[in-house]
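One structure is given below, encoded as structure tokens.
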Amino acid sequence: MEYNYRAIEKKWQKEWRDSGAYKVSNSSDKPKFYVLDMFPYPSGAGLHVGHPLGYIASDIYARFKRLKGYNVLHPMGFDSFGLPAEQYALETGQHPALTTEKNINRYKEQLDNIGFCYDWSREVRTSDPGYYKWTQWFFLQLFDSWYNRKNQKAERIKDLVDIFKAEGNTNSECPGDKKLRFTAEEWNGFDNQRQQEILMDYRLAFSAFGEVNWCEALGTVLANDEVVNGVSERGGHIVVKKKMRQWYLRITEYADRLLQGLEQVDFSDSMKEMQRNWIGKSMGAEISFRLTPGPSPHGEGIRDTSEEMSGHFFKSGNQKFWKTLKEYGRDNRKNATQSEDLLWQNLRNNQLDIKVRRQHAINGFIADFALMEIKLVIEIDGDYHNEQEQQEYDEARTKYLHEFGFDILRFTNTEVLEQTQSVVGTIKKEVQTRRQIKREAAASPLLRKEKGSGDEATLVVYTTRPDTIFGVDFMVIAPEHALVPKITSQEQKPAIDKYLDYVKSRSERERLAEVKSITGAFTGAYAINPFNGRQIPIWISEYVLAGYGTGAIMAVPCGDQRDFAFAKHFDIPITNIIGDAYNGEEANPTKDATLQNSDFLDGKVMRDAIDIAIDKLEEMGIGKRQVNYRMRDAGFSRQRYWGEPFPIVYKGGVAFALDESQLPVELPYVDTYSAGPEGEGPLANLADWIIAPGGGTRETNTMPGYAGSSWYFLRYMDPHNEAVFADRKATDYWSQVDLYIGGTEHAVGHLLYSRLWTKVLFDLGYIGFEEPYKKLVNQGMIGSFIKNIYRLNFNYKIGDGSGMVNVNQFIEEFGVHPEHYKADIPNIFISKEIAGRIDSNSINEKDKRLIDEAIEKAMKIKENIAGTLFFDKYKITGIPVETFLVEDDKLVIESFKVHSRLGNQNSIFVSSCNTFHCGSELGKMSKRYYNVVNPDDIVERFGADTFRMYEMFLGPVEQSKPWDTKGIEGVHRFLRKFWRLFADETKGLIVTNDAATPAELKVLHRTIKKIEEDTERFSFNTAVSAFMVCVNELNDLKCHKKEVLQSLLVLITPYSPHIAEELWKLLGNEGSVLDASFPKFEEKYLVESSKEYPISINGKHRTNINIALDAIQPVVEQIVLSNEVVQKWLDGKAPKKIIFVKGKMINVVI
RNA sequence: GCCCGGGUGGCGGAAUUGGUAGACGCAGCAGACUCAAAAUCUGCCGUUCGCAAGGAUGUGCUGGUUCGAUUCCAGUCCCGGGCACCA
């Protein structure tokens, strides 16, 4: 009875399919376990051996959990919307629906060959209308939600509208347009269109104008991947930025929760780190700097900061006036009005649990009362000015205080005098609300300022190092910064304009490419250091990005390398604030130096000074703690065909959601895939479809690839439900994915988006959990060697040789690319050794002679073929050669001539020895390297069980490693050996019912323990090796006992299910081994009475002695010392010390 | 540049808390069976000295802690992955 794996595997795969062995129920007494693979995009190339690595790992784990008594959900599906199918359609005219269907069928066939335990009845495809109906539905939920920062969760738009009706947006900042402020009255006065526009600035799915890569020549928008060095990857056409209306997901609102959620999930450190980097949270401060006057090109300039105005309205940028101001405040306090005094009596001494200052100077103003902590000013409108004048002052003052983040509460004299308690109550309430907001703001992206903004009088910078404020030698703002035209001085205008032209001429790619070049221009304007009044020049430079922070930085050259380089390049004097820690040669970004030349921070360690500095800035009202995120809102529309249509119609320019009952919006059939008239997606060409039945025009963008994959794990739970995306009972039962396996390439994209969707669904009450994936395991890539052959460069002239052939002409003439040209051109191939010498310019005479001879030979052959041939002497090109034509880096020349796309009978090989070597380097498995190994071939040769075990045996799942088909023999031999424990070729089944010996039981239970532990911690490679050890030992013991073997069979089922099932049946068992229960490990079989102790002398292992495990130290010492090896090493001396670690080892120190 | 991994035989890799480094497999060498091949089985297999017994040395490199370090600490080099004028 032979191990006929082909027959066995086919038989059981059919059996499992017919009996529905892997069908999973949503109701079970067993505990649930959800094992999920990242579903594949079904590409035309099919699977290669790298793909199933993760699938095998998850399959093993799923089967293991099933044996352990869990109800296991282990589904599979297809991420079937995507660009490649559309690209293919564009090239061949085949509809993506057809090619996708074809590819999926091939994938399923390949997957079934490997024997996975998927419940195919739960298969999902993102391109199915029954599936994307719900993707569209999710989009509508996002569209109909906003993020309530107070409650830190998504809420419905109608609740937001209620708030606006009642109080406007005074208590919540608008995330879309941070400057937008309106009252309830104003809101109610807006027309519907205006209201919808405002709501769009709050929606979690919103539309806005964004830049896309527009390629005029191709008439389409390109993904970032498709753009290389500013031109299209295909064809090399110019690509420009074009503004288009796009959909976005407001993921930035969830930045903090996405960050915090990482604490609750079991992802690898590097994975978490990648997500943290992506979110890019940094803590720092925003600091407002006053500007000194600089004559503007328009002659307006900035208002003179030393200007003094009448009344108690002051503006001052320098200390002299600050002082004057303070004196003025003191005077006012002495001459307070009656109402001021009355209110003061009610506010002083922390009566409202907050410190209130009276007649306090804030940035050039004297406020009647100032509550610095919450940035609130209380003013009592007196009656000693005429009304007109008073209003002007108030207006100006309000404006300026707003600029510094203060709000003003106004009361009249009469109010204060007559309704004192009501006034105090109002203040009290305001204090509470503002404190609450402040708390939230500290924990959310709320406080982010509008990018690139700034106002005329101040420059707001973001810094993580406010402690270095005395080391600021210049400011740098982004060239796109709104302040640039306003502050540029007359003299500097030409230089700035020139620089701006230069920046415009550079594509984003270029700006990013030349990281180290230093460019910039001086604006002629100065900012004022608020602490020492120093004038700081303001520069612009492309190294400061408009999109991050405030688009402006304070440059501290002694502490930041880029700032340092900039200062050196433009000869800006450098202030040293860290003494010896700065050597003048390079910046020192330390946080541990002690500050000098830093006024009130002198002597402080920088790390501690950060908080002190911010406190001071806050107290002065010119700075605040600020959290910044690198993450941007996620673009959610594509100008493509093969994706989910949006359930959106436009009426009068306003986007409206379709009603749920109108879903799905099915993707209409098209026969051309070219872009719409304005570069929209192909859907824009369908004049009929665009007109929506209920009026209005449809959105012609489609959703991106990650739309469908953001929630697919939920659909598996209840895949055929037509009423909801999944029944709440089903999502409550299956809940989080317990184990998610997939590649690192989705670390930030897919994982972040699906975490976002899950959080939104949770907030809206649709599901009961907030994180989709409890544990994530990343499988490594399986690489493959790329074998390179080196060809002597040549040119081939057609016909009479009147012109050299360029590639396009060649293709026209011969119908193939020259590289694939199989005709009789006598190509000359150079062996790796000589090629290496050519590359390193150390080519010797012999090499030259060999090559010259080859050329001569080629020329002779050439006489028989048309055209003219030229060789480029001693210049070579490495070309990937089909790996199956190379053995141990040696080219199989005869096969090459026949089977390679590069070879023909005239091929000439130049080598300095008998064999012809190719180059070899580790790389990706890819069609274009001709190194793809197809799992079907491996399964055909060795069987699915061997393939599964070998993939696991290669090394840890998480690790990347090269594929080597040779090694698979070992695993195959192991399975045959395993089979022979049960059956003999001639005698048939040889399993006996004899009782197992202690030695056999020991082997078995040691294996049970090892397999259980290793499987549980995803150490599948060591588990396979444990099986090998076990089989070797049972073989040595000649053990064929059912008692032992049957348990072993269950153990190995997850790894090699087919052979296990077959032998299970042969042993006469009823039912399937899939439903057996995992053998129970029993310690008692492993208990030993003695141990072969390793004996070390001075830490070096010398011998082993068998000693009883319960022996106590004195006895052990005696035994050890009497040992002859130990005696020899002691050489008559007495040991200094004997270290005895019970059950481990003994070390004698001499 | 920053962040995260990782460096162990000819190769893939093992050593779970500091305790016999190199499990298991591949490749290689020697042998058995065979007319032969395949298949199978046995032995050897880090380097080095030695006929052997046995010794020296050895986990990228340099130091340190320890009775004892692949494992812990400091520094350094190299490789892989991610991010990148991010203030």
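Just so you know, these numbers come straight off a predicted model, no measurement behind them. Worth knowing before you read on, the calculation uses all heavy atoms, side chains too, and leaves out hydrogens, waters and symmetry mates.
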From the list B:rC67, B:rU20, B:rA23, which nucleotide is the closest neighbour of the side chain of A:Asn1104? B:rU20
Answer with yes or no whether A:Asn1147 presents, from its side chain, a donor or acceptor under 3.5 Å of a partner atom in the base of B:rC67. yes
Which nucleotide in B:rA87, B:rA23, B:rC86 has an atom nearest any side-chain atom of A:Val1029: B:rA23
On the nucleotide B:rC26, are OP1 or OP2 found under 4.0 Å from the side-chain N or O atoms that A:Arg973 carries? yes
Among B:rU20, B:rC24, B:rC86, which is the nearest nucleotide to the side chain of A:Ser1025? B:rC24
Can B:rG9 be described as syn, meaning its chi torsion is within 90° of 0, or is it anti? syn
Which nucleotide in the list B:rG25, B:rC26, B:rA23 gets nearest to the side chain of A:Asn1032? B:rG25
Taking only side-chain nitrogens and oxygens of A:Tyr462, does any of them come within less than 4.0 Å of OP1 or OP2 of B:rA87? no
Looking only at atom C1', what distance separates B:rA27 and B:rC11, rounded to whole Å? 7 Å
Mind checking the C1' distance from B:rA69 to B:rU20? Whole angstroms is fine. 14 Å
Salt bridge or not for A:Glu1088 and A:Lys1002, using N-O below 4.0 Å? yes
Looking only at B:rC86, B:rC4, B:rG19, the nucleotide nearest the A:Tyr548 side chain is B:rC86
Examine B:rA56: is either OP1 or OP2 under 4.0 Å from a nitrogen or oxygen in the side chain of A:Arg1102? Give yes or no. yes
Can you list the steps and then say if A:Phe474 with A:Phe566 is a ring-ring contact (aromatic ring centres under 6.0 Å, His included)? CA-CA 10 Å; A:Phe474 56 101; A:Phe566 194 90; 5.2 Å; yes
In whole Å, what separates the C1' atom of B:rG81 from that of B:rG28? 34 Å
Strictly distance-based, threshold 3.5 Å: is any side-chain N or O of A:Lys1010 a donor or acceptor partner for the main-chain N or O of A:His1005? no
Inter-nucleotide P distance (B:rG6, B:rG55), Å rounded: 36 Å
Roughly how many Å apart are B:rC51 and B:rC26, using the C1' atom of each and rounding to a whole number? 32 Å
Before giving the answer on ring-ring contact (aromatic ring centres under 6.0 Å, His included), spell out for A:Phe1018 and A:Tyr61 the whole-Å C-alpha distance, their side-chain angles and the decisive distance to 0.1 Å. CA-CA 8 Å; A:Phe1018 309 101; A:Tyr61 201 77; 4.8 Å; yes
Among the nucleotides B:rC86, B:rA14, B:rG12, whichever has the atom closest to the side chain of A:Leu954 is B:rG12
Can you tell which of B:rG54, B:rA84, B:rU40 lies closest to the side chain of A:Arg980? B:rU40
Nearest-angstrom distance, P atom, B:rU59 to B:rG9: 9 Å
If we ignore angles and hydrogens, is there a donor and acceptor under 3.5 Å between the side chains of A:Tyr499 and A:Thr519? yes
Take atom P in B:rG5 and the same atom in B:rG75, then report the distance between them in whole Å. 16 Å
Nearest-angstrom distance, P atom, B:rA84 to B:rU70: 40 Å
Is A:Arg562 near enough to B:rC86 that one of its side-chain N or O atoms lies under 4.0 angstrom from OP1 or OP2? yes
Can you check whether A:Asn277 has a side-chain N or O nearer than 4.0 Å to OP1 or OP2 of B:rC4? no
